[in-house]
Amino acid sequence: MVVKQIIRDLRKEWSWALFYTVVATMIAMAIVFLSLSFSSVLRESSAIQSFIDKNVVMFQKKTVHMVPNREIVASANEHKQDPDIIMDYLQRSLSRNGNAGSFVFVGNDGYVDSKYEQILILFGQYSNLTGLRYDGDMALFVPDTHREDVGKEFLISGQSLEVIDSVGAEFNLFHPMHFIDSDNPMMWSNVLILCTKDFQTVDKMFPWWELSNEVFDRLVLVNPSNDEIEMLQRMFYEQFGTLYTGISTEDFKQVSTSASIRGHRLYILFYVLSGVLLLVLLVSNIIRVIETHVVDYTVHHLYGAPIRTIQKRVGGFVLALNILPIIGILYVLFVNYMMLWYFLPLSFALIVGLCLFAAMYASRRIGTMNNLSNLRRDY
Amino acid sequence: MELLSVRNVSKSFKDHNYKVHAVRDVSFDVHQGEMVAIIGPSGSGKTTLLNLIGIVISPDSGEIYVDGQKASDMNDAMRCRIRNQYFGYIVQDFALIEEDTAMQNILVPTLYSKHKKSAREYREIINNMAEKMQISEKLKSTVKNLSGGERQRVAIIRSIVNDQKIILADEPTGSLDKDNSKIVINYLRELADDFKKTVVIVTHDLSVARQCDRIFNLDDGILTPFKL
């Protein structure tokens with residue numbers, strides 16, 4: 001009987017129920033999405049800080065209009081691009097004793113099991129910057145979703161390499177110009193990670209990928225001296241005729257992520273306030289519904305419905321009103337891999353709180369001193 | 001035997017910093033088939049007294065007996081059961097659920113009855129009463145489409161659908177015109193005379209009170225017999 005009454009109450013308030021479901025779902029999704037996005041921004045910020053602490057300098061090729069200095073041009077013309085110089089530089093700087101690092105993605109063109117669609121090659125210091133440690137000149141790592149391959153040996157272009165470990169669930173790849181977050185499962189679930197401090201050997205393993213070009217696109221130096229930076233820029237200009245500028249991570253942060261973090265904080269504040277307003281409106285509407293139906297509840301109470309029955313009816317109505325948007329939100333989060341462990345108990349606590357509030361308010365309103373006054377209009 | 005017996009009942013409540021004695025040491029009995037009026041100025045405690053008689057609330061002191069049962073200190077569930085079995089309510093603004101039909105409103109007491117009849121039996125009872133009160137064709141209408149007189153007749157049927165023995169009426173003619181007021185009071189009189197219902201009417205209208213067997217005056221919480 002109580003269930004029938006709840007269904008009738010819902011039918012009377014269907015338009016509000018529908019409106020509330022849509023608005024609540026939209027705001028809740030926006031808050032969750034922004035908070036997760038903010039988490040990603042925070043992780044990026046943390047990675048940036050790690051780069052700053054290590055005084056990592058990144059390099060970018062720049063196209064500029066320059067008036068040629070005839071002496072340098074003449075000198076440069078005497079030194080046409082010498083691949084040996086480039087290779088020698090990369091081999092030294094990306095070795096265990098060097099302070100350079102870079103990374104390249106290559107496609108898995110039949111190198112290993114087809115479940116790995118790409119191979120991420122971390123050169124030199126980049127494995128340290130991402131938190132991967134290994135002995136020797138080369139090592140393989142697998143994503144956390146393929147831990148079963150740890151200990152196996154893969155044959156890649158004639159090189160037999162053992163998978164020594166997984167990268168862990170929190171592995172992310174940061175470069176001042178790129179950031180691949182750890183909670184990007186589509187990215188990390190099918191990538192094999194090859195760490196190396198022997199550029200020449202790996203270059204021969206992937207000859208048609210022109211790794212040196214890509215390496216320079218993402219080259220970083222860890223705690224370089226000014227002389228090292230100048231030497232690299234001069235070598236680059238002499239070999240490629242291109243300006244190769246370095247920027248410290250700290251300077252880069254000033255112009256990029258700080259604004260992003262501020263922007264995200266503002267969005268989160270906006271949506272949290274909207275959420276609070278939504279909660280206030282929800283509670284106000286619960287009170288409005290009870291006040292609108294106070295005659296209904298009073299009549300039922302007068303004619304034999306115990307207060308407990310009225311409380312169940314009102315609590316059940318509030319539960320039914322809120323259960324649909326909550327289930328909808330949780331389902332959308334679940335299918336998008338955004339479900340966090342505390343969402344379910346938090347949602348449960350919120351609904352129980354609202355139901356209890358509604359039930360208590362109704363019983364206070366009905367079981368009052370002048371019950372029959374609920375049924376009178378004051379003239 | 002008295003169907004309704006009120007013994008030394010008092011009730012007060014706090015209004016801001018003041019203690020208001022709504023009902024002070026009230027005692028009276030009402031027999032079956034009797035129609036009793038309680039008159040008094042506004043704010044004299046009439047609705048509070050009606051709440052007490054109808055065991056909607058408990059007195060601070062004193063006892064209330066309904067058909068020999070001491071109802072004043074029962075818990076909420078027991079009081080609900082007694083109310084469902086013995087009491088019907090008619091109030092000034094009809095106390096009907098506007099979005100429901102007349103039939104749905106009339107059936108409310110039957111939802112909580114311990115001695116449920118079948119749906120067919122209830123329909124028959126209601127149709128008979130509705131015919132007598134000339135609102136048979138209005139039973140399927142939504143309450144908001146009914147006139148004041150029709151609404152009050154629906155409320156009267158509701159107050160006796162479970163064969164309740166006591167009807168409590170709080171200003172039953174307050175929202176009605178003269179003709180409809182007369183009709184309603186005549187129905188209540190008929191219920192008392194022919195069907196032996198006990199009717200307690202709270203009113204400030206002396207012409208309504210004159211229709212009753214006895215009149216009490218409630219002033220500042222004190223009940224005294226009233227002679228016209």
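A, B, ... follow the sequence lines: proteins, then strands. Residue 1 opens every chain. What's counted below: heavy atoms across the whole structure, side chains too, no hydrogens, waters or symmetry copies.
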Closest heavy-atom pair and its distance - A:Pro306, B:Cys80: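 Of all heavy-atom pairs spanning A:Pro306 and B:Cys80, the closest is CA-SG, 3.3 Å.
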
For the residue pair A:Val295 and B:Leu96, what are the closest heavy atoms and their distance?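 That closest heavy-atom pairing would be CG1-O, 3.9 Å.
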
Given side chains that start at C-beta, do those of B:Ile97 and A:His293 come closer than 4.5 Å, heavy atoms only?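 Not touching, per the 4.5 Å side-chain cut-off.
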
Minimum side-chain heavy-atom gap B:Arg83-A:His301 below 4.5 Å: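 Result yes, sub-4.5 Å side-chain heavy-atom pair found.
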
With a 4.5 angstrom heavy-atom cut-off, which part of B:Arg158 approaches chain A: side chain, backbone, both or neither?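 It is both, since atoms from each part get that close.
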
Structural part of B:Gln85 lying under 4.5 Å from a heavy atom of chain A: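 The answer is neither part of B:Gln85.
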
Counting only heavy atoms not in [X], do more than 12 sit closer than 6.0 Å to its [atom1] atom?
X	atom1	value
A:Arg308	CZ	no
B:His21	NE2	yes
B:Glu124	CD	no

What distance do [X] atom [atom1] and [Y] atom [atom2] have between them, rounded to the nearest 0.5 Å?
X	Y	atom1	atom2	value
B:Glu98	A:Thr292	CD	OG1	12.0 Å
A:Lys12	B:Asp100	NZ	CG	4.0 Å
A:Leu302	B:Ser159	CG	OG	12.0 Å

Would you check if the side chain of B:Asp76 reaches a backbone N or O of A:Ile307 as a donor-acceptor pair within less than 3.5 Å?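 Yes: the side chain of B:Asp76 pairs with the backbone of A:Ile307.
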
For this output row, return yes or no: ring centroids of A:Tyr303 and B:Phe87 closer than 6.0 angstrom.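 Distance test on ring centres: not under 6.0 Å, no.
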
